[in-house]
Structures are given as C-alpha cells and as structure tokens.
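Let me begin by presenting the structure, written as structure tokens, before commenting on it.
As the structure is a computational prediction, the values presented were derived from the model and not from experiment.
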Amino acid sequence: MNRICCLVVALITVLLVATSSRAEEGAPKTLKLQTRQRVANPENKDQFKIVYKTVEWDPQKTAVIVCDMWDKHGCTAAAVRVAEMAPRVNQFVAEARRRGALIIHAPSDTMKFYKDHPGRKLVLDAPKIETEKPLKRWCSLDEEREPPLPIDDSDGGCDSSRTPGRPWTRQIKTIEIKPGDAIDDSPAVFNLLAQRGIDNVVILGVHTNMCVLGRAFGIRQMVGQGKNVVLVRDLTDAMYNPAKRPQVSHFRGTELVVEHIEKHWCPTITSCDLLDSPSFVFKADKRPHVAFLVSDDHYHADKTMPPYAQWLRQQYGLRCTVLHGEGKADIPHLDELQTADVLIVFVRRLLLPKEQLAKIRSYIDAGKPVVGLRTASHAFCLRKGDPPAGCGDWPEFDHDVLGGSYTNHGPNDVGSDIAPAPDAADHPLLRDVKPEKWHSNGSLYFTAPIADGSTLVQVGTIPGRSEPVTWTRTYHGGRVVYSSLGHWDDFKEPPFRTLLRNAIYWAMDRPVPETK
C-alpha cells in the first residue's frame with residue numbers, strides 16, 4: 001500500500017510539474033522588466049527620487065492579473081477607454097502567457113457568468129491556505145502607509161454621461177481567456193498563487209485609483225501579503241473627472257495616481273517590456289511626447305533628467321519618457337521614439353547595439369526635432385579605435401546633426417560665464433531666461449566653428465577665450481537645438497532650466513504655454 005501511495009504521489013508531482021511548465025518552446029527564460037519607483041528622501045519624506053531598476057523575474061513564478069476590464073461600464077467615457085485599451089492588453093497578456101506566466105482574469109462581480117469555466121475551477125480547487133495577515137475583500141486607503149490620493153474622485157470620477165447601476169456582466173471579449181488561465185475576483189486567488197509557488201505579480205487594468213488598488217487581488221493586498229508587485233502604467237486608467245481637484249487633464253490625473261503608487265506601494269513598468277512597440281496611449285491624450293535619451297556617465301544625466309522630466313509633467317502637462325540603460329550600452333524601449341514629438345539627447349561616448357542605434361538614426365534622419373545637451377557632441381563615438389563587434393558608432397553626429405565642432409573643453413575648476421550672443425536677446429530660446437548673464441560651474445566646451453546656417457543664441461567665456469554655447473539649426477527639415485550646458489549644477493540654475501524648456505518647445509514648433 002505504501003508503495004502504491006508513493007507512486008501516486010510521484011505521479012501527481014510529475015503532473016503538477018508538467019502543468020506548471022507553461023512557457024512555449026523558444027520563449028525567453030525570464031521576464032526582464034525596467035521598473036520605475038519613487039523613493040522618499042530620508043531627511044524629507046515629502047521629497048522623492050525617481051529610481052529606475054531592471055529586474056528579471058521567473059515567468060513560472062509570476063502571475064499577470066487583469067483587473068476589471070469589463071464588457072460595459074456605467075460611465076460612457078470609461079467604457080470607451082477600456083475598449084480602446086483592451087487590444088493592447090490582450091497582446092501583453094498573450095506574450096506573458098507565451099513566456100510561461102499565469103494569467104488571472106479578474107472581472108469583479110461577474111463570477112456567475114464564469115461559474116462553469118475551467119479557469120474558475122482552477123481557483124476553487126486550489127487548497128485553502130492560512131495567511132499571517134487576514135485576507136480582505138477590499139483594502140481601503142492605508143493611512144499609516146499613504147496619504148490621501150492626489151485626485152478628488154468623490155463624484156465617482158466619471159468625466160462623461162453616466163447611467164446608474166452596475167451594467168457589467170463579464171470581461172470584455174477582446175481579452176482572450178485561454179486554457180490554463182484562471183478566473184477569480186476574491187481572496188481565494190491567494191490559494192492558487194500558493195499552490196503554484198508564485199511570488200511575483202503584474203497588475204494591469206482599471207481603475208487605478210479604485211479597484212487596481214483596493215480589490216482583494218489589488219495592489220494594497222498583494223503588497224500586504226508580501227508579493228513582489230508591479231503595475232503596468234500604460235495599461236491602466238483612472239476614474240477621474242478633470243472638473244475636480246487638481247483640475248488637470250484626465251490623463252495627467254491617471255499619471256498622478258500612478259506616481260502615488262510608485263511612492264507608497266510598488267514600482268511600475270510599461271507594456272514595452274514584453275512588446276516591441278511604443279507604450280499604449282489613448283487617442284484622446286494629445287499631450288506632446290518628450291523622449292529623453294540619457295546615459296549614466298560623467299555628468300549624472302540619469303540623476304538630473306528624470307526630475308527635470310517630472311517638472312515638465314507637473315508644470316506643463318507634457319508626456320515624458322526617460323530612456324536609459326542604467327550605465328550599460330543597452331537602452332531598451334527605443335520604439336518609444338516612434339511617437340516622440342522631440343528627442344533630448346544627453347549621452348556620452350555610448351556605443352549601442354547596431355539595431356538600437358538604427359532606431360535613433362531613423363528618428364533623426366526623418367527630420368524630427370532634436371535637442372542635444374553637453375556630451376551629445378560626442379554621443380555615439382569613441383575617442384579613437386573601432387566600435388566593439390555588434391555595436392554601431394556615429395562620429396558625424398556632432399558635425400552633421402548638431403552642427404558643432406567639439407574638440408575639447410576648458411578647465412573644470414573655472415566654469416564659464418554665459419551670456420546672450422550679439423543680436424540674440426529676443427530669440428525664443430531666451431524667453432524669460434533671467435538673469436541673462438550667469439555663471440555655469442561646467443567647463444567651457446570648445447565647439448567652434450558651428451555650421452553655416454546656424455543661429456547663435458548664447459556664448460560662453462573664460463579668461464582669454466569665448467565659444468559658442470547654444471545655437472539652433474535644422475537637419476533634414478527638423479528643428480535642432482544644441483547647448484553645451486548641462487553640468488549637474490546647471491539644473492539648479494533657473495536660467496538653464498528655462499532655456500531647456502524653451503528649447504524643447506521651440507524644437508517642437510509650439511508656443512510655451514502659460515502656467516498657473
């Protein structure tokens with residue numbers, strides 16, 4: 001009898017292992033995710049530093065939860081946005097499934113529709129577990145961990161016409177439920193996670209300020225139960241009415257909730273981590289898209305550019321994407337350039353894989369706007385020698401695109417005095433730049449001569465020498481700005497911050513909007 005029992009146990013073990021090996025042949029062995037989080041300053045809890053970190057998760061220990069992507073909604077605009085986002089969600093889910101992740105569909109309040117579905121049985125048949133912290137059907141605002149949400153959703157958050165009641169009956173059909181997927185809207189999902197040995201959870205869906213945070217399978221409870229959690233920030237939407245506080249666009253309102261989650265709960269990722277295409281953006285989101293290409297080298301662009309991008313989001317409502325490789329010659333998500341309205345380049349002697357450099361070339365050669373900062377004058381080339389195998393270089397970038405002739409720089413301990421070029425006081429790049437004359441702690445770059453047809457905007461001076469600092473030109477019909485400013489101390493200076501703002505808007509051929 002004992003022998004028979006052992007055989008049965010062995011057979012069950014084999015079957016469980018076979019069931020848990022869900023990845024398709026040839027699929028990547030890990031989920032490589034570029035996370036973004038906001039870390040509080042230990043000395044000032046109201047200040048947060050944006051931190052990017054690449055993590056690799058085992059797909060077999062990862063679940064993707066699709067939150068409340070219903071077939072209908074009482075708020076017309078919310079239902080339209082769900083329908084628009086659903087195809088991209090389906091693509092993301094399909095790729096996660098292909099790589100071996102467990103997919104959990106969680107259309108709350110519709111389990112009656114799925115009562116006979118095999119995916120429902122997966123959850124109901126999982127052995128019940130006891131957790132150290134009690135499981136909850138709903139997790140409200142945790143006042144010990146988080147402040148009130150940054151948006152006022154007291155009116156229900158609907159930004160359009162609304163019908164009363166709960167009209168949803170199932171998950172929207174666009175998102176496919178495949179064999180092996182699970183279906184649940186209750187704390188019982190933790191039984192299945194325990195049975196499968198799943199520690200990592202990717203959450204997407206709606207609505208960011210409500211169900212994504214508060215449901216039994218939502219972020220608050222998952223984090224509270226010790227799971228490693230990320231939110232897919234481009235595959236979510238908030239219930240937010242721009243008529244309510246803080247009276248920003250609906251899409252900025254969603255971003256504010258995402259930022260709240262990054263500060264107080266978990267990191268976020270984008271769907272680009274699994275899909276080779278730009279992030280999902282709602283058609284009604286008309287905000288200009290600013291892409292920052294940075295390298296973590298020499299002038300700390302990785303530390304200065306993310307907070308500057310955040311300032312642009314907050315003050316001007318721009319949609320900003322920071323692209324960098326955490327100090328490596330590998331910058332993921334360059335497909336984001338396909339939707340960029342302007343590209344800010346702040347890299348130094350970065351030799352990228354040829355296919356990545358080709359995406360940057362494609363953007364620039366199409367005549368799209370570019371702003372180069374400081375080391376962009378030697379962005380994609382070595383001082384000497386050939387690039388490593390598989391990497392590309394672009395030594396002509398300074399001369400051909402930016403219009404400069406960088407050769408060296410002045411003493412680091414001298415800095416340089418910055419002033420408007422002759423006859424440039426009324427140039428759009430110098431709008432509101434006060435004081436007009438100021439001192440930069442960055443060494444003076446030797447950039448002369450600049451290309452014919454360029455318009456000189458600023459000059460820099462050290463004892464015995466003056467050099468062009470900032471100028472504008474066109475390349476393949478696209479507007480180009482270059483400035484040799486960009487030392488980390490420059491970002492503390494109002495004249496530089498304003499200059500860069502003006503450069504971004506000038507390159508996009510848009511007026512600088514008034515701010516409140």
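Residues Asp142 and Arg220 are not paired through a salt bridge, judged by the lack of any N-O separation under 4.0 Å between the basic side chain and the carboxylate. Salt bridge Glu259/Arg252: present, at least one basic N to carboxylate O contact under 4.0 Å. Ion pairing between a basic and an acidic side chain is recognised when a charged N comes within 4.0 Å of a carboxylate O; Asp181 and Arg97 show such pairing. Between Arg120 and Asp184 there is a salt bridge, since at least one side-chain N of the basic residue sits less than 4.0 Å from a carboxylate O of the acidic one. Salt bridge Lys283/Glu84: absent, no basic N to carboxylate O contact under 4.0 Å. The pair Glu493-Arg497 does not count as a salt bridge, with every side-chain nitrogen at least 4.0 angstrom from each carboxylate oxygen. The pair Arg166-Asp109 meets the salt-bridge criterion, with a side-chain N (NZ, NE, NH1 or NH2) lying under 4.0 Å from an Asp/Glu carboxylate O. Remark: Lys173 does not engage Asp71 in a salt bridge, criterion side-chain N to carboxylate O under 4.0 Å.
Residues Asn209 and Asp153 bring a donor and an acceptor atom of their side chains to less than 3.5 Å of each other. Under the 3.5 Å distance criterion, with hydrogens and angles disregarded, no donor-acceptor pair is assigned to the side chains of Thr208 and Thr254. A side-chain donor-acceptor contact under 3.5 Å links Arg233 and Thr268. Under the 3.5 Å distance criterion, with hydrogens and angles disregarded, a donor-acceptor pair is assigned to the side chains of Glu336 and Ser279. A donor-acceptor contact closer than 3.5 angstrom is absent between the side chains of Asn241 and Asp159. For Arg162 and Thr76, the side-chain atoms include no donor-acceptor pair closer than 3.5 Å. Side-chain contact of Thr174 with Asn90: a donor-acceptor pair under 3.5 Å is absent, judged by distance alone. Under 3.5 Å, the side chains of Thr321 and His289 contain a donor-acceptor pair of N or O atoms. Judged purely by distance below 3.5 Å, without hydrogens or angles, the side chains of Asp335 and Ser277 never pair a donor atom with an acceptor atom.
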- Chi angles and distances behind the side chain to side chain contact (heavy atoms under 4.5 Å, CB included) call for His260, Leu256: CA-CA 6 Å; His260 175 93; Leu256 287 172; over 6 Å; no

- Query: Can Ile104 and Phe217 be said to form a side chain to side chain contact (heavy atoms under 4.5 Å, CB included), step by step?
  - Reply: CA-CA 10 Å; Ile104 302 176; Phe217 50 82; over 6 Å; no

- Query: Going through the checks in order, is the side chain to side chain contact (heavy atoms under 4.5 Å, CB included) test met by Ser377 and Tyr482?
  - Reply: CA-CA 8 Å; Ser377 58; Tyr482 174 76; 3.6 Å; yes

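Between Leu485 and Arg374, every side-chain heavy-atom pair lies at or beyond the 4.5 Å cut-off. Looking at heavy atoms from C-beta onward, Leu33 lies out of side-chain contact with Thr54 at the 4.5 angstrom threshold. Between Pro28 and Arg99, some side-chain heavy-atom pair lies under the 4.5 Å cut-off. Side-chain contact between Val345 and Val371: absent, with no pair of heavy atoms (C-beta onward) separated by less than 4.5 Å. Taking the side chain as every heavy atom from C-beta outward, Val212 and Ile219 approach each other to under 4.5 Å. Looking at Asp302 and Tyr52, their side chains never come closer than 4.5 Å, going by heavy atoms from C-beta outward. Counting heavy atoms from C-beta outward, Ile177 and Ile183 have side chains that approach closer than 4.5 Å. Contact check for Asp273 versus Leu31: no side-chain heavy atoms found under the 4.5 Å cut-off.
Put simply, OG on Ser362 and CG on Leu334 are 11.0 Å apart, with the number rounded to the nearest 0.5 Å. Separation of atoms CD (Gln356) and CG (Leu337) is listed at 10.5 Å; rounding is to 0.5 Å. Rounding to the nearest 0.5 Å gives a distance of 8.5 Å between NZ of Lys492 and CG of Asn441. Here the CD-CG distance, from Gln195 to Asp125, works out to 8.5 Å after rounding to the nearest 0.5 Å. The distance from atom CD of Gln221 to atom CG of Leu213, rounded to the nearest 0.5 Å, is 12.5 Å. From Phe292, atom CZ reaches atom OG1 of Thr304 across 10.0 Å, with rounding to the nearest 0.5 Å.
Heavy atoms of other residues, nucleotides or ligands lying less than 6.0 angstrom from NZ of Lys227 number more than 12. Within 6.0 Å of CD on Glu56 lie more than 12 heavy atoms contributed by other residues, nucleotides or ligands. Within a 6.0 Å radius of CD in Glu355, more than 12 heavy atoms belonging to other residues, nucleotides or ligands are found. The local environment of NZ in Lys61 is sparse, with at most 12 non-hydrogen atoms from other residues, nucleotides or ligands closer than 6.0 Å. Surrounding NZ of Lys359 are more than 12 heavy atoms belonging to other residues, nucleotides or ligands, all under 6.0 Å away.
With Trp70 as the aromatic partner, Arg170 does not meet the cation-pi criteria of under 6.0 angstrom to the ring centre and within 45 degrees of the ring axis. With a 6.0 Å cutoff to the six-membered ring centre and a 45° limit on the axis angle, Arg215 does not count as a cation-pi contact of Trp138.
Among all heavy-atom pairs drawn from Ile175 and Val66, the shortest one is CD1-CG1, 4.1 Å. The two atoms that bring His324 and Gln34 nearest to each other are O-NE2, 3.1 Å, heavy atoms only. Val342 approaches Met508 most closely through the heavy-atom pair CB-CG, 3.6 Å. A pairwise comparison of heavy atoms in Ala83 and Pro87 identifies O-CD, 3.3 Å as the closest pair.
Between Phe282 and Phe280, the ring planes lie perpendicular to each other; the angle is over 60°, past the 30° to 60° tilted range.
Ring pair His264/Phe48: centre-to-centre distance below 6.0 Å. Aromatic pair Phe491/Phe496: ring centres closer than 6.0 Å.
When the disulfide bond (SG atoms under 2.5 Å apart) test is applied to Cys75, the partners found at least two apart in sequence or on another chain are Cys158. Under the rule for a ring-ring contact (aromatic ring centres under 6.0 Å, His included), Tyr240 has no partner lying at least two apart in sequence or in another chain. With sequence neighbours left out, His207 forms a ring-ring contact (aromatic ring centres under 6.0 Å, His included) with His73.
Tested against Arg36, the residues Val258, Val51, Val230, Leu231 include a single side chain to side chain contact (heavy atoms under 4.5 Å, CB included) partner, Val258.
A donor-acceptor pair under 3.5 Å links the side-chain atoms of Asp68 to the main chain of Ser108, judged by distance alone.
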